[in-house]
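Some notes on the structure that comes next.
Order of listing sets the numbers, starting from 1, for every ligand and every atom in it. What you see is a predicted model, and the numbers here were worked out from it, not measured in a lab.
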Amino acid sequence: MSLTLHYHPLSSFCWKALIALYENGTPFTPNLVNLGDAGERAALRKLWPIGKFPVLSDAARGETVPESTIIIEYLDRHYPGTTRFIPDDPDTARETRLRDRVFDLYVHLPMQKIMLDRLRPADAKDPHGVAEARAQLRTSYDMIERQVAGGGFAMGADFTLADCAALPALFYGSTVEPFGAERPQLAAYLERLKARPAVARVIAEAEPYFRMVPRET
Ligand SMILES: N[C@@H](CCC(=O)N[C@@H](CS)C(=O)NCC(=O)O)C(=O)O
């Protein structure tokens with residue numbers, strides 16, 4: 001088994017990579033990284049100086065692959081399975097990548113901003129930044145609500161890279177900024193994602209760690 005995923009089961013961006021691995025039953029060795037441990041943190045930084053996970057190591061090809069989107073592109077290219085994450089058609093592939101970017105940049109990151117603000121000391125909170133993040137989430141939700149109105153997944157019938165990005169962003173996003181009754185399509189899309197066996201497995205494996213999710217105070 002040549003692939004090792006350096007990750008944590010609670011980490012939302014790690015969920016993206018895990019969903020892709022589980023979708024195709026791709027064999028890999030999980031390496032759970034405890035960022036609270038200085039040695040494990042240093043080992044991760046040795047692989048990827050930015051110090052964020054997920055990171056995929058491929059001993060067979062001598063590659064270290066950081067960034068969830070790039071990991072999924074890498075798996076799709078070098079370890080393809082039944083689920084293809086990047087469509088063959090160039091225009092559909094471009095749209096898939098765009099939707100992946102939207103979920104990461106305009107849902108996932110604002111969600112993280114709100115979540116991580118909860119961990120800040122009382123005298124270092126960023127209410128303005130949090131308000132901006134909430135506004136961004138609502139704008140993104142409105143756009144995605146229209147995109148998924150036809151049912152299916154982010155790109156229609158096929159489950160793609162965009163859905164791997166969507167799940168963690170919307171799962172945690174819905175807890176910090178609820179979709180509201182005016183966005184039933186978004187809620188239904190999240191339920192369709194959660195019903196996917198690979199997604200259900202990722203969530204089940206994270207459950208023992210949910211008590212570590214920062215709560216609103
Ligand atoms: N753009 C990166 C983001 C990765 C990321 O933010 N990972 C978080 C966990 S969800 C992390 O490693 N946080 C630890 C830190 O920032 O120290 C990706 O898509 O992989």
Open item on the list: Under 4.0 Å, heavy-atom basis, I'd like to know which part of Leu35 is in contact with ligand 1: side chain, backbone, both or neither.
Closed with: side chain
Task: Under 4.0 Å to a heavy atom of Ser12 - the qualifying atoms of ligand 1, by number - done: 10 (S)
Task: Sub-3.5 Å N/O-N/O distance, Thr69 and ligand 1 - done: no
Open item on the list: Give the atom numbers and elements of ligand 1 that come within less than 4.0 Å of a heavy atom of Pro54.
Closed with: 20 (O)
Task: ligand 1 N/O within reach of Phe13 N/O, cut-off under 3.5 Å - done: no
- [ ] For atom 7 (N) of ligand 1, find the nearest protein heavy atom and state the residue, atom name and distance (0.1 Å precision).
- [x] Phe53 O, 2.9 Å
TODO: Specify the closest pair of heavy atoms between Met111 and Ser12, including all atoms of both residues, with the distance to one decimal.
DONE: CE-OG, 4.0 Å
Open item on the list: Under 6.0 Å from the ring centre and within 45 degrees of the ring axis: does the NZ or CZ of Arg201 meet both conditions for the six-membered ring of Tyr22?
Closed with: yes
- [ ] Decide ring pair (Phe, Tyr, Trp, His ring centres under 6.0 Å) for Phe153 and Phe159; before the verdict, give the C-alpha distance in whole Å, the side-chain angles of both, and the deciding distance to 0.1 Å.
- [x] CA-CA 6 Å; Phe153 294 106; Phe159 187 93; 5.3 Å; yes
Task: Nearest protein heavy atom with distance in Å, relative to atom 9 (C) of ligand 1 - done: Ser11 OG, 3.3 Å
Task: ligand 1-proximal atoms of Gln112, by part, heavy-atom distance under 4.0 Å - done: side chain
TODO: Ignoring hydrogens and angles, state whether a donor on the side chain of Arg97 or Thr69 is under 3.5 Å from an acceptor on the partner side chain.
DONE: no
Open item on the list: Could you work out, for atom 1 (N) of ligand 1, the closest of Met115, Glu67, Lys52 by heavy-atom distance?
Closed with: Glu67
TODO: Heavy atoms only: give me the nearest Asp100-Lys16 pair and the separation to one decimal.
DONE: OD1-NZ, 3.1 Å
TODO: Could you check Tyr7, Tyr172, Phe53, Tyr209 and say which one makes a ring pair (Phe, Tyr, Trp, His ring centres under 6.0 Å) with Trp15?
DONE: Tyr172
Task: Separation of Asp126 CG from Asp117 CG (nearest 0.5 Å) - done: 6.0 Å
Open item on the list: Closer than 4.0 Å to some heavy atom of Ser68 - which atoms of ligand 1 meet that?
Closed with: 18 (C), 19 (O), 20 (O)
